[in-house]
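Here the structure is a predicted model, which means the values were calculated and not measured.
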Amino acid sequence: MPSDDVAKALKKATALSRQQRSHEAVRLARRIAKRHPDSPEVFNTLGALLAVANSPQDALAAFDRALALKPSYADAYSNKGNILAELGQFEQAKSAYERAVELAPRRGTFHRNLAFVKDFGTGDPQLAVMEDLALVANALPPSEHTALQFALGKAYADLGDHERSFQHLVQANAQKRQQIAYDEAATLAAFGRIHGAFTVELIAAKHDLGHPSSLPIFIVGMPRSGTTLTEQILASHPEVFGAGELDHFYQEVVTRIWNPADIAAPSLSGVTGPHLRKGAARYLAKLGRAAPAAERIVDKMPSNFRFLGLIHLALPNARIIHVRRDPLDTCISCFSVHFAGDHPYAYDLGELGRYYRAYERLMEHWRRLLPPHVLLEIRYEDLVADLDREARRIVAHCGLEWNASCLDFHATQRSVRTASARQVRQPLYQSSIGRWRQYGQHLAPLLLTFADSLGDLTLW
């Protein structure tokens, strides 16, 4: 274990990363590693910080160094597996996760990671290990217990035992919900403030005050709706860089100009052109660091759907793509995933459904306010049914010449840091359409939130 002084320095580097100062964090961690070249913990932390800084190859090298120093380091194997999975190297990721599970078989997190890069078959030995661990799951830390339940939910879904799968998902989500704070009333109230603040008159009065850059392409929607697939299609174009899920717009524009979560936020009527252009310039500076030579950069933060009015005012020449998927398929897919990011609404079916309805109403608001040439909407189901047609619509909307490489999106080599990393490495498939029907009889809390919009449903 590192000394107290080294441990404090590593905590400082980690804190810098959490403050969105990832490059400073990496510089500090590299200095620590130079002074302590024989510490596996230092190199494991350096690897984690390099991963956040979007330097996957350097992160792999750091994890390999940690493992050379400590071959039994289960956490380093798991972290290495995460990077390999993001890079689409799933067999290598599977091997790394298997080694982590072998070294630490009571870590639910390692089982979850392994479960999501493989398909379970009858007699899979990992399932037996997980079932044995579940018998003593109450002795595990809550986070490890939760991860184990998500892994079991995935395993039984692979085996076609959807009843048993859903039982584990219910446990996993209930446990996760107990571990987080989510103020549903405040969240939905913020949606209401957005509705009230952004009007046709406001957009008309301020639509030409922002920064003229056309660099960003925003992809928005609910998680698990097809946003990662859409980004992968665009990132396969030679003039486009896919930067993944970034919170740069929120940090540099929303929090400084108008944040709907702030009940004391002043009226948008006082926002001027200089405000908008300075905020946009800060955002563009951060965005551009990801790929300085790119013609266009995709910012695929799904939750930016909340800020489309402000995006349009700050960057009127930016293009926005909204990806939609069947509401119930979207929600059950969210309910099946142990998110790494901030999705506190996703762990209770009623809360998830009400959040989805608020999202739907807000998107209807943006349809009325934003010019058609700014906002393109695509359906996941249409994308799967006719990739050529929909991919051409996407590329044309972004003002780009067509390139056939967009149809071979699954072959594009890039880091994908979302729960859909495995799916977008495969050719299109339709098996996830209508997935919610496998669980229909269990979805009453969710279905009640859609009672006035879905009509008569056959649940199974």
Side-chain angles (χ1 to χ4, degrees), residues 19-21 183 185-221 243 245-290 296-322 342 355 358-377 397-399:
Q19 295 166 15
Q20 315 301 319
R21 298 160 66 183
D183 189 335
T187 298
L188 299 183
F191 277 78
R193 283 192 287 276
I194 297 170
H195 277 266
F198 287 91
T199 63
V200 172
E201 293 76 17
L202 180 82
I203 296 294
K206 299 180 184 291
H207 76 281
D208 58 352
L209 299 181
H211 196 290
S213 174
S214 59
L215 177 68
I217 300 167
F218 292 89
I219 296 179
V220 302
E245 297 187 358
L246 306 172
D247 68 350
H248 298 344
F249 190 84
Y250 180 79
Q251 294 293 337
E252 300 302 329
V253 181
V254 174
T255 60
R256 301 194 190 201
I257 292 181
W258 189 81
N259 187 348
D262 180 3
I263 61 175
S267 167
L268 275 163
S269 61
V271 173
T272 65
H275 286 135
L276 294 168
R277 290 190 292 273
K278 286 179 182 178
R282 290 191 301 267
Y283 165 76
L284 292 167
K286 271 192 174 181
L287 184 69
R289 291 187 199 126
R296 310 296 291 276
I297 298 179
V298 177
D299 181 339
K300 190 207 77 78
M301 175 58 82
S303 60
N304 275 339
F305 75 81
R306 296 170 296 167
F307 311 127
L308 296 193
L310 195 52
I311 286 172
H312 181 55
L313 294 183
L315 292 153
N317 293 319
R319 292 295 174 262
I320 301 168
I321 300 171
H322 171 221
D342 184 24
Y355 185 93
Y359 144 78
E360 272 189 323
R361 290 189 291 271
L362 186 54
M363 285 310 308
E364 180 59 34
H365 185 63
W366 297 136
R367 286 185 200 105
R368 292 193 297 267
L369 265 61
L370 299 184
H373 71 275
V374 168
L375 175 64
L376 173 71
E377 296 192 275
H397 176 70
C398 298

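By the 4.5 Å heavy-atom criterion applied to side chains, Leu276 and Leu310 are counted as neighbours. By the 4.5 Å heavy-atom criterion applied to side chains, Val271 and Pro266 are not counted as neighbours. At least one side-chain heavy atom of Leu315 sits less than 4.5 Å from a side-chain heavy atom of His211. Using a 4.5 Å cut-off on side-chain heavy atoms (C-beta onward), Ile194 and Trp258 make contact.
For the pair His397 (side chain) and Val374 (backbone), a donor-acceptor distance under 3.5 Å is present. Judged purely by atom type and a 3.5 angstrom limit, Asn304 has no side-chain atom pairing as donor or acceptor with the backbone of Val220. The backbone N or O of Ala314 sits nowhere less than 3.5 Å from a side-chain atom of His275 that would complete a donor-acceptor pair.
Remark: Arg361 does not engage Glu364 in a salt bridge, criterion side-chain N to carboxylate O under 4.0 Å.
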Item to check | From CA spacing to verdict: side-chain contact (heavy atoms from CB on, under 4.5 Å), Met301, Asp247 | outcome: CA-CA 7 Å; Met301 175 58 82; Asp247 68 350; 4.3 Å; yes
Next on the checklist: Before you tell me yes or no, could you show the steps for Tyr250 and Asn259 under side-chain contact (heavy atoms from CB on, under 4.5 Å), namely the whole-Å CA-CA distance, both residues' side-chain angles and the distance that decides it to 0.1 Å?
Outcome noted: CA-CA 9 Å; Tyr250 180 79; Asn259 187 348; 3.3 Å; yes
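Contact detail for Ala280 and Val253: the closest heavy-atom pair is N-CG2, 4.2 Å. Across every non-hydrogen atom of Asn317 and Pro212, the tightest pair is ND2-O, 2.9 Å. Considering all non-hydrogen atoms of both residues, Ile203 and Gly309 come closest at CD1-O, 4.3 Å. The nearest pair of heavy atoms linking Ile321 to Cys398 is CD1-SG, 4.0 Å. When all heavy atoms are compared, the tightest approach of Ala290 to Ala243 is CB-CB, 4.4 Å. Between Leu268 and Ala197, the shortest heavy-atom distance links the atoms CD1-CB, 3.8 Å.
Once rounded to the nearest 0.5 Å, the distance linking CG of Leu308 with CG of Leu362 reads 7.0 Å. Atom NE2 in His248 sits 9.0 Å away from atom CD1 in Ile297 (nearest 0.5 Å).
Sorted by first and then second residue, the pairs that involve residues 259-284 and meet salt bridge (charged side-chain N to carboxylate O under 4.0 Å, His left out), not counting sequence neighbours, are Glu252-Arg282. Sorted by first and then second residue, the salt bridge (charged side-chain N to carboxylate O under 4.0 Å, His left out) pairs involving residues 304-322 (not counting sequence neighbours) form an empty list. Contacts classified as salt bridge (charged side-chain N to carboxylate O under 4.0 Å, His left out) and involving residues 191-216 (residues at least two apart or in different chains) are not found.
Ring geometry, Phe191 versus Phe305: the interplanar angle falls from 30° to 60°, so the pair is classed tilted.
Screening Arg367, Glu360, His365 for a side-chain contact (heavy atoms from CB on, under 4.5 Å) involving Met363 leaves a single residue, Arg367.
Checked against a 6.0 Å centroid threshold, the rings of Phe218 and His312 do not count as neighbours. In summary, the aromatic rings of Tyr283 and Phe307 are positioned with their centroids too far apart to meet the 6.0 Å limit.
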